[in-house]
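Naming convention: chains lettered A, B, ... in sequence-line order (proteins, then strands); numbering from 1 in each chain.
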Amino acid sequence: MRPELERLQRIEDHLLHQPAADWYVQELVDADLAADTDLQRQLYQGLYVAGQQQLRRELAVIHQQLYGTKRPSRIAQCKALLSALRYQLRCYFFLAKR
Amino acid sequence: MPDLALQEALLTNRERVLTQLYQQTFPLVRRHVLRHSGSSQDAQDIFHDALVIFYEKAVHGSLTLTAAPSTYLVSICRNLWHRELARRSRQPSTTLEEEHTDFAESAPADSETAPTTSQAELVLDYVENLGAKCKSLLVSFYYFKEPLEQIAATHHYSSVRSATVQKFKCLERLRTAVRKVAATVFFYENHAA
């Protein structure tokens, strides 16, 4: 890996895996280390928010798949048609009687 | 399902496990919320909050189940809904959506990665502009905690090593973009003062 990437990895190890006991000393030696560490911490916070948003989107998709509005089945469509036809016939006979 | 097996299943097949949990649990949560002055939308929002908390605890290894996952989830939802009802009685004009930020902040997470400031929102804009592959790689690793072997396979990298290098390249791109805007903000703040 390039030295710049190795530096990112070193800061990541300190922030997320194994905090270095002598980090304070390293910050004294390396003038940019504190600012770089702070910035990288912010990147992880942004990625946390992005991940949480993605998880919520995935949950919304699951909800839609399980409980979303479905097209009525053919049986339900036939039942509705028959019911409408029955109603029309009742109206017809009622009017015919009069 | 034991905690470790659940963690493993969530890491390797998130969609299937979450769908199963959803099917088993959501009807119970909806019934509870509807019986206690809530709507179906309230139930959905509360349930998603609970699933986010559940997922984060499970993949961070801080979940200790003493009952079935669905029982645990229903319990979180009851507490969240109880809290929401109490909040609504204090502030009747606000809605559940306004509470979401609080839920997100109260969700358990690594102290280093849990968002603390609006700067996370600033970074978020740059995450969205990274490109689909980089964004997916970073979010899969840092939020979803997927193993690098799995990430290498799903993102078509030849090895874990090349996935690792790519991850740091993507992180570097993000850092460069954020650093530029941070420097601009700093410049304008100092010149405006």
Side-chain angles (χ1 to χ4, degrees), chain A residues 1-24 26-27 30-73, chain B residues 14-15 18-23 26-27 30 40 44-45 47-49 51-52 55-56 100 104 107 109-117 119-128 130 135-136 138-145 161 164-169 171-172 174-179 182:
Chain A
M1 268 199 305
R2 283 187 280 119
E4 295 85 353
L5 301 185
E6 280 177 355
R7 183 181 172 82
L8 283 170
Q9 189 170 30
R10 185 160 69 97
I11 296 173
E12 177 165 306
D13 286 342
H14 171 70
L15 287 176
L16 303 183
H17 308 303
Q18 189 73 48
D22 64 339
W23 196 254
Y24 175 68
Q26 291 184 45
E27 282 182 350
D30 181 344
D32 298 327
L33 188 59
D36 287 350
T37 306
D38 194 42
L39 182 60
Q40 203 157 322
R41 188 182 287 115
Q42 286 173 35
L43 300 187
Y44 296 138
Q45 290 170 353
L47 287 167
Y48 174 86
V49 176
Q52 214 174 54
Q53 285 188 353
Q54 186 180 319
L55 180 57
R56 285 182 186 279
R57 281 196 294 271
E58 290 177 11
L59 293 175
V61 170
I62 292 173
H63 185 92
Q64 183 64 27
Q65 283 167 351
L66 293 175
Y67 306 104
T69 46
K70 293 175 190 161
R71 282 183 62 193
S73 67
Chain B
R14 182 169 74 245
E15 188 188 339
L18 289 176
T19 304
Q20 275 178 359
L21 278 172
Y22 215 112
Q23 258 174 323
F26 182 66
R30 181 164 53 191
S40 285
Q44 191 183 331
D45 293 340
F47 189 53
H48 288 190
D49 290 331
L51 274 173
V52 168
Y55 181 86
E56 289 177 2
H100 276 175
D110 290 346
S111 57
E112 295 294 350
T113 52
T116 51
T117 63
Q119 282 174 317
E121 303 292 328
L122 173 81
V123 176
L124 184 62
D125 290 342
Y126 289 91
V127 174
E128 296 300 328
L130 266 182
K135 183 190 165 190
S136 167
L138 292 178
V139 169
S140 298
F141 182 79
Y142 291 108
Y143 183 76
F144 290 109
K145 308 287 179 193
R161 177 75 186 157
T164 305
V165 173
Q166 193 54 45
K167 172 173 77 80
F168 283 113
K169 283 183 180 174
L171 197 63
E172 187 183 43
L174 181 62
R175 188 186 66 172
T176 306
V178 173
R179 182 177 271 165

Do the rings of B/Phe26 and A/Tyr67 sit parallel, tilted or perpendicular, given the 30° and 60° boundaries? tilted
Only pairs of heavy atoms separated by less than 4.5 Å count here; which of [options] has the most with chain A?
| options | value |
| --- | --- |
| B/Arg161, B/Lys167, B/His48 | B/His48 |
| B/Val165, B/Leu124, B/Val139 | B/Leu124 |
| B/Thr19, B/Leu18, B/Asp125, B/Val127 | B/Thr19 |

Quick one: does [X]'s side chain get under 4.5 Å of [Y]'s, heavy atoms only?
| X | Y | value |
| --- | --- | --- |
| B/Phe144 | A/Glu58 | yes |
| A/Tyr44 | B/Val123 | no |
| A/Gln54 | B/Tyr143 | no |

Could you measure the distance from the [atom1] atom of [X] to the [atom2] atom of [Y]? Nearest 0.5 Å is fine.
| X | Y | atom1 | atom2 | result |
| --- | --- | --- | --- | --- |
| A/Leu39 | B/Thr176 | CG | OG1 | 9.0 Å |
| B/Leu174 | A/Gln42 | CG | CD | 10.5 Å |
| B/Leu171 | A/Ile11 | CG | CD1 | 9.5 Å |
| B/Leu51 | A/Arg56 | CG | CZ | 9.5 Å |
| A/Arg2 | B/Glu172 | CZ | CD | 4.0 Å |
| B/Arg179 | A/Leu43 | CZ | CG | 9.5 Å |

Kindly determine whether A/Glu12 and B/Tyr142 satisfy side chain to side chain donor-acceptor pair (under 3.5 Å), including the steps that lead there. CA-CA 11 Å; A/Glu12 177 165 306; B/Tyr142 291 108; 2.3 Å; yes
Would you say the side chains of A/Tyr48 and B/Glu56 form a donor-acceptor pair under 3.5 Å? yes
Side chain, backbone, both or neither: which part of A/Glu6 has a non-hydrogen atom closer than 4.5 Å to chain B? neither
Non-hydrogen atoms of chain A under 4.5 Å away: do they reach the side chain of [X], the backbone, both or neither?
| X | value |
| --- | --- |
| B/Lys135 | side chain |
| B/Phe47 | neither |
| B/Tyr55 | side chain |

Picking from A/Met1, A/Gln53, A/Glu4, A/His63, which has the most non-hydrogen pairs under 4.5 angstrom with chain B? A/His63
Look at atom CD of B/Glu15 and say whether more than 12 heavy atoms of other residues, nucleotides or ligands are closer to it than 6.0 Å. no
